[in-house]
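The structure appears right after this line, and notes come after that.
Throughout, residue positions are numbered sequentially from 1 according to the sequence presented. Counting starts at 1 for both ligands and their atoms, in listed order.
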Amino acid sequence: MRLFLDTANVEHIKYGARLGIISGVTTNPSLVSKEGKVNYKKLVQEICSIIPGPVSTEVISQDVPGMVTEAREIAKWASNVVVKIPAGLEGTEATHILAKEGIKVNYTLCFSVNQALLAALAGAAYVSPFVGRLDDIGENGMSLVEDIVQVYRQYPDIKTEVIAASIRHPQHCLAAAKAGSHIATVPYAVLLQMAKHPLTEAGCARFLDDWCKVMGNVKNI
Ligand code: E4P
């Protein structure tokens, strides 16, 4: 499973790039707004220059002509831009039009297997089931990821990749990997948590302590 960062924060994306384990970025209007009143195009272009992989950038329009016009413009911003189109009838029609033009679409705000099926049939490059938001309303978000992966596997012609989104904690990541999701897009805080374990920290401290007791100096190698 590949890891994307779910953020529009340039410093966080730069750090993810330095770690060498981030192969894409997903943004959305809420995440971009968190960065203040920015120039959307410039911000997306900067992100695209930091991470060579797919950078999902969402349209704001809700109607088909608006989504298509915006998506065509966004697609020109960088070669690795992917346009995020919300699920639904308008989004499906827009996805179909854009996919035929060779524009990569991330079919977002997906909350059902049927929506994921429409995404695949319309030619979306990615579908983003929102795990955490389903958990928030008492449903099992991860079972949606499992079901989509299972359905897609029945049809080898489907090339749409599943991005487990709305990830809230490292356990979501583990479950997405077990489910066979192609990608999980994780918030920065979750990325940091994934690397940590109290026994790793305790182990390092004890090794250092044992070394220094005998060798006296950290640099004494
Ligand atoms: C995915 O592409 C979305 O940006 C994101 O995962 C939404 O997550 P949230 O439910 O934490 O806002």
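The protein heavy atom nearest to atom 2 (O) of ligand 1 is Lys84 NZ, 2.6 Å. Protein heavy atom nearest atom 8 (O) of ligand 1, with residue, atom name and distance: Ser166 CA, 3.3 Å. Asp6 OD2, 2.9 Å is the protein heavy atom nearest to atom 5 (C) of ligand 1. Ranking the protein heavy atoms by distance from atom 7 (C) of ligand 1 puts Phe130 CE2, 3.5 Å first. The closest protein non-hydrogen atom to atom 12 (O) of ligand 1 is Arg133 NH2, 2.7 Å.
Classified by interplanar angle (parallel below 30°, tilted 30° to 60°, perpendicular above 60°), the ring pair Phe4/Tyr126 is perpendicular.
When each atom of ligand 1 is checked for a heavy atom of Ala165 under 4.0 Å away, the hits are 1 (C), 6 (O). Close contacts of ligand 1 with Thr26, meaning ligand atoms under 4.0 Å from a residue heavy atom, involve 2 (O).
Val127 places none of its side-chain heavy atoms less than 4.5 Å from the side chain of Ile163.
The shortest N or O to N or O distance between Thr27 and ligand 1 is not under 3.5 Å.
No salt bridge links Lys178 with Glu146; every basic N to acidic carboxylate O contact stays at or beyond 4.0 Å. Taking 4.0 Å as the cut-off between side-chain N and carboxylate O, Lys196 and Glu201 do not count as a salt-bridged pair. Ion pairing between a basic and an acidic side chain is recognised when a charged N comes within 4.0 Å of a carboxylate O; Lys213 and Asp209 show such pairing.
Using a 4.0 Å cutoff on heavy atoms, Arg168 counts as a contact of ligand 1.
Here the closest heavy-atom approach between residue Gly91 and residue Met67 is recorded as N-CE, 3.9 Å.
Side-chain N or O atoms of Glu70 include one that pairs as donor or acceptor with a backbone N or O of Ile60 at under 3.5 Å.
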